[in-house]
Amino acid sequence: QVQLVESGGGLVQSGGSLRLSCAASGSTFSRYGMGWFRQAPGKEREFVAGISWSGRSTYYPDSMKGRFIISRDNAKNTLYLQMNSLKPEDTAVYYCAASTGPGASVVAGEVNYWGKGTLVTVSS
């Protein structure tokens with residue numbers, strides 16, 4: 001199994017940027033489809049971005065395209081989420097997710113492992 005630890009969250013002003021990281025350990029990172037999800041207060045967890053084993057394929061819901069960029073460094077066992085043009089409605093706990101299936105499995109919510117999350121707060 002794989003352990004996931006997120007970092008990089010914090011307080012940022014509207015229009016600003018943040019880069020989240022997710023450090024993976026315990027298993028071969030490159031064997032997992034990876035993704036990011038988020039959960040805002042009082043709302044359900046939602047899919048933010050997904051990436052294939054190699055990193056060559058990425059997946060986003062329409063609402064995230066153009067502002068969020070997912071990437072991975074398999075040599076460093078690390079997943080990233082670059083978030084630009086942040087809005088107050090992006091405020092949420094962001095979770096790293098790993099799937100034993102391909103990146104598309106993460107899109108479908110087929111997640112085998114979750115991190116504990118990192119809080120992102122966007123002020124207006």
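Just so it is clear, the structure is predicted and the values come from calculations on it, not from any experiment. Start at 1 with the first residue, then count along the sequence.
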Participant: Look at the side-chain heavy atoms of Ile, Leu, Val, Met, Phe, Trp and Tyr, link any pair under 4.5 Å apart, and say whether I69 and M64 land in one connected group.
Facilitator: yes
Participant: Closer than 3.5 angstrom, by distance alone: can the side chain of T28 be matched with the main-chain N or O of S30 as a donor-acceptor pair?
Facilitator: no
Participant: Start with the C-alpha distance between Y80 and R19, add both sets of side-chain angles, then the distance that settles side chain to side chain contact (heavy atoms under 4.5 Å, CB included), and finish with yes or no.
Facilitator: CA-CA 7 Å; Y80 303 99; R19 188 174 83 153; 3.6 Å; yes
Participant: Would you say Y32 and F29 are hydrophobically clustered, going by side-chain heavy atoms of ILVMFWY under 4.5 Å?
Facilitator: yes
Participant: Distance under 6.0 Å and angle within 45° of the ring axis: does R38 meet both against Y95?
Facilitator: no
Participant: With a 4.5 Å heavy-atom cut-off, do W36 and E6 have their side chains touching?
Facilitator: yes
Participant: Show the numbers, then the answer: is there a side chain to side chain contact (heavy atoms under 4.5 Å, CB included) between K87 and R67?
Facilitator: CA-CA 10 Å; K87 308 173 183 179; R67 293 195 303 125; 4.0 Å; yes
Participant: Give a yes or no on whether V93 and F47 share a hydrophobic cluster (residues Ile, Leu, Val, Met, Phe, Trp, Tyr; joining criterion: side-chain heavy atoms under 4.5 Å apart).
Facilitator: yes
Participant: Measure the spacing between OG of S25 and CG of L4 and express it to the nearest 0.5 Å.
Facilitator: 7.5 Å
Participant: Under 4.5 Å between side-chain heavy atoms, counting indirect links through other Ile/Leu/Val/Met/Phe/Trp/Tyr residues: same cluster for L79 and Y60 or not?
Facilitator: yes
Participant: When you measure from the side chain of R72 to the backbone N and O of S52, does any donor-acceptor pair fall under 3.5 Å?
Facilitator: yes
Participant: Would F37 and V111 satisfy side chain to side chain contact (heavy atoms under 4.5 Å, CB included), going step by step from the backbone distance to the final call?
Facilitator: CA-CA 10 Å; F37 290 74; V111 174; 3.9 Å; yes
Participant: Just verifying a value: how many Å separate Y94 OH and F68 CZ, rounded to the nearest 0.5 Å?
Facilitator: 4.0 Å
Participant: Tabulate below the donor-acceptor pairs under 3.5 Å that side-chain atoms of residues 112-124 make, not counting sequence neighbours, or state none.
Facilitator:
| residue | atom | partner | partner atom | Å |
| --- | --- | --- | --- | --- |
| N112 | OD1 | T100 | N | 2.7 |
| N112 | OD1 | T100 | OG1 | 3.1 |
| T118 | OG1 | G9 | N | 3.2 |

Participant: Shortest non-hydrogen contact from Q82 to S17?
Facilitator: NE2-CB, 3.9 Å
Participant: Are S7 and S21 close enough that some pair of their side-chain heavy atoms sits under 4.5 Å apart?
Facilitator: yes
Participant: For V2 and A98, work out which heavy atoms get closest and say how close.
Facilitator: CG1-CB, 4.0 Å
Participant: Would the distance check show the side chain of S99 and the main-chain N or O of E110 forming a donor-acceptor pair, the cut-off being under 3.5 Å?
Facilitator: yes
Participant: Distance check, rounded to the nearest 0.5 Å: S14 atom OG versus L86 atom CG?
Facilitator: 8.0 Å
Participant: Less than 4.5 Å apart, side chain to side chain, heavy atoms only: is that true for M83 and L20?
Facilitator: yes
Participant: Carefully, step by step, assess Y59 and I70 under the rule side chain to side chain contact (heavy atoms under 4.5 Å, CB included).
Facilitator: CA-CA 8 Å; Y59 312 88; I70 189 172; over 6 Å; no
Participant: Using only atom types and a distance under 3.5 Å, with no angle test, would you say the side chain of N74 pairs donor to acceptor with the backbone of W53?
Facilitator: yes
Participant: To the nearest 0.5 Å, what is the distance between CD on Q1 and OG on S27?
Facilitator: 8.5 Å
Participant: Looking only at the side chains, is there a donor atom on one of D73 and T78 sitting less than 3.5 Å from an acceptor on the other?
Facilitator: no
